[in-house]
Structure formats: structure tokens, C-alpha cells
**Q** 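This is the structure I have questions about; it appears just below.
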Amino acid sequence: MARRLRSVDLDFVESAALRLVFAAEVSAPPDVVYRALADDVEGWPGWFTQVTSARPVDAGAGRVVRLRGGIVFRETVVAAEPGTRYAYRADESNAPGLHALLEEWLLTPAGTGTRVQWTFAADGSALFRFTMGRGRAAMGKAFRDAVRNLGRRLPAAPA
């Protein structure tokens with residue numbers, strides 16, 4: 001059953017007990033990448049293979065996301081800056097040991113494409129933090145694979 005998590009603000013991305021930051025590039029421009037992240041929530045399972053379903057709730061102010069393994073998050077969007085930043089915090093989850101979570105996607109121009117930076121900022125039990133820290137390489141691979149898959153779906157910027 002889902003538990004209520006600690007409510008955090010956008011500044012949590014800098015102060016979280018656990019911060020995992022990854023970056024990759026795609027050939028699509030930032031506004032196109034942003035639309036895939038923020039406007040096409042239901043499309044996430046098509047490129048982020050860890051996501052089995054995603055749907056917007058509360059008229060787009062939130063999301064419900066299900067991951068492989070049965071983990072579920074009910075989230076609130078905390079930053080929606082077209083072409084630049086998309087961030088959300090988890091308000092409820094069934095993830096064991098998780099106390100707070102905020103994810104931020106930063107988009108910056110890179111040549112004719114976009115540099116995508118994902119920050120996973122979390123707090124939880126000592127076991128949760130240890131496990132997630134040990135899983136850094138796997139999370140990085142999942143992110144890089146997701147961005148590569150997303151890049152294949154999006155139109156490249158004109159040369």
C-alpha cells in the first residue's frame with residue numbers, strides 16, 4: 001500500500017541526502033524534448049523501459065507512475081518551464097524505505113540538440129540510501145538507455 005512521503009520543494013534537489021545526477025545528449029531541440037517529458041506523460045513507457053505506465057492526474061498538475069517491480073508513485077509537478085526544466089516530487093509511494101523524492105530534468109541546448117540532465121534526489125532509511133547508492137551504475141544505464149530511446153522517437157533539430 002502507498003505511504004505518504006515528506007513534501008519537499010525544488011531546493012531539495014540540492015540538499016537531499018542522496019543525489020544521483022546523470023546526463024546525456026539527444027539530437028532533438030529542447031522544446032521537443034520538453035514536450036515529450038511534460039506533455040506526453042502517457043508516452044513514457046515507450047522510451048523509459050523501467051516505466052510500465054504513466055498518466056497525468058489533477059489536470060496535468062500531477063502524475064501516477066508505475067515502474068517494473070510494482071513500485072508506484074503519485075507525484076506533483078513542481079517545475080514546468082518549457083524547453084528548460086521539468087521536475088516533480090513523489091507524494092505517495094509503496095517503495096520500501098523511501099521518505100522523500102524529487103526528480104528534476106534540466107534541458108540545455110547542445111549544438112543543434114539537447115543536453116538532458118536528470119537528478120534523482122531522495123531521502124530514506126539507511127538501507128534505502130545504501131541500496132540506491134550501490135545501484136548508481138544501473139540507474140545511470142537505465143537513464144542513458146531511456147534518453148537514447150527518446151532520441152530515436154523525436155525529430156532531430158534541423159541542421
Side-chain angles (χ1 to χ4, degrees), residues 1-24 30-108 114-147 149-150 153:
M1 182 50 87
R3 295 176 328 285
R4 187 91 182 136
L5 302 180
R6 188 171 81 240
S7 182
V8 294
D9 294 321
L10 196 52
D11 61 349
F12 184 71
V13 78
E14 296 298 330
S15 63
L18 174 71
R19 291 181 70 247
L20 304 176
V21 182
F22 307 100
D31 60 320
V32 172
V33 177
Y34 178 85
R35 284 194 298 273
L37 293 172
D39 299 339
D40 186 20
V41 171
E42 291 170 329
W44 280 53
W47 56 272
F48 207 133
T49 59
Q50 301 306 316
V51 177
T52 61
S53 73
R55 64 183 171 84
V57 295
D58 303 326
R63 313 165 357 137
V64 173
V65 176
R66 295 180 183 281
L67 304 181
R68 292 190 188 280
I71 300 296
V72 180
F73 298 99
R74 182 172 181 93
E75 303 167 338
T76 296
V77 175
V78 296
E81 301 168 21
T84 305
R85 179 187 347 202
Y86 184 61
Y88 42 86
R89 83 166 164 257
D91 296 316
E92 297 177 7
S93 181
N94 62 347
L98 179 63
H99 299 160
L101 173 65
L102 186 120
E103 296 181 47
E104 177 187 58
W105 296 76
L106 292 177
L107 310 174
T108 54
T114 304
R115 180 179 187 270
V116 180
Q117 178 179 296
W118 175 51
T119 301
F120 178 93
D123 192 12
S125 67
L127 180 58
F128 172 84
R129 291 189 318 268
F130 174 78
T131 302
M132 294 305 295
R134 298 280 293 178
R136 176 189 273 295
M139 286 186 69
K141 181 180 182 331
F143 166 77
R144 287 186 302 279
D145 289 350
V147 172
N149 292 340
L150 179 62
R153 295 170 57 108

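For reference, positions follow the sequence shown, starting with 1.
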**Q** With rounding to the nearest 0.5 angstrom, report the CG to CG distance, Leu5 to Leu102.
**A**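 Rounded to the nearest 0.5 Å, the CG-CG separation comes to 11.5 Å.
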**Q** Are the side chain of Arg19 and the backbone of Val13 linked by a donor-acceptor contact shorter than 3.5 Å?
**A**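 Judged by distance alone, yes, a pair lies under 3.5 Å.
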**Q** Do the rings of Phe120 and Trp118 sit parallel, tilted or perpendicular, given the 30° and 60° boundaries?
**A**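 Perpendicular, since the angle between the ring planes exceeds 60°.
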**Q** Between Arg3 and Ala95, is there a donor-acceptor pair closer than 3.5 Å when you use the side chain of the first and the backbone of the second?
**A**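 Present.
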**Q** If only atom types and distance count, is the side chain of Thr114 paired as donor or acceptor with the main-chain N or O of Thr108 below 3.5 Å?
**A**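 Side chain of Thr114 to backbone of Thr108: no pair is present.
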**Q** Can you list the residues that meet the side chain to side chain contact (heavy atoms under 4.5 Å, CB included) rule with Thr52, with sequence neighbours excluded?
**A**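 With sequence neighbours excluded, Thr52 shows a side chain to side chain contact (heavy atoms under 4.5 Å, CB included) to Arg66, Arg68, given in chain and number order.
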**Q** If I take atom CD1 from residue Ile71 and atom CG from residue Leu98, how far apart are they, to the nearest 0.5 angstrom?
**A**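 Between Ile71 CD1 and Leu98 CG, I get 9.0 Å after rounding to 0.5 Å.
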**Q** Could you state the interatomic distance from CZ (Arg6) to CG (Leu101), rounded to the nearest 0.5 Å?
**A**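 That separation rounds to 11.0 Å.
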**Q** Minimum heavy-atom separation for Ala54 to Val65, with atom names?
**A**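 Heavy atoms only, the tightest pair is CB-CG2, 4.2 Å.
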**Q** Nearest 0.5 Å, please: how far is CH2 in Trp47 from CG in Leu37?
**A**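 Answer for the CG-CH2 pair, Leu37 versus Trp47, is 5.0 Å.
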**Q** Enumerate, atom names and distances included, each donor-acceptor pair closer than 3.5 Å involving a side-chain atom of residues 126-134, sequence neighbours excluded.
**A**
unit_1, atom_1, unit_2, atom_2, d
Arg129, NH1, Gly124, O, 2.5
Thr131, OG1, Leu127, O, 2.8

**Q** Please set out all donor-acceptor pairs under 3.5 angstrom arising from side-chain atoms of residues 73-89, sequence neighbours excluded.
**A**
unit_1, atom_1, unit_2, atom_2, d
Arg74, NH2, Asp58, OD2, 3.2
Glu75, OE1, Arg63, NE, 2.6
Glu75, OE1, Arg63, NH2, 3.0
Thr76, OG1, Asp91, OD2, 2.3
Glu81, OE2, Arg85, NE, 3.3
Arg85, NH1, Glu104, OE2, 3.0
Tyr88, OH, Glu103, OE1, 3.1
Tyr88, OH, Trp105, NE1, 3.0
Arg89, NE, Asp91, OD1, 2.7
Arg89, NH1, Val8, O, 3.3

**Q** Check step by step if side chain to side chain contact (heavy atoms under 4.5 Å, CB included) holds for Thr49 and Asp145.
**A** CA-CA 8 Å; Thr49 59; Asp145 289 350; 5.7 Å; no
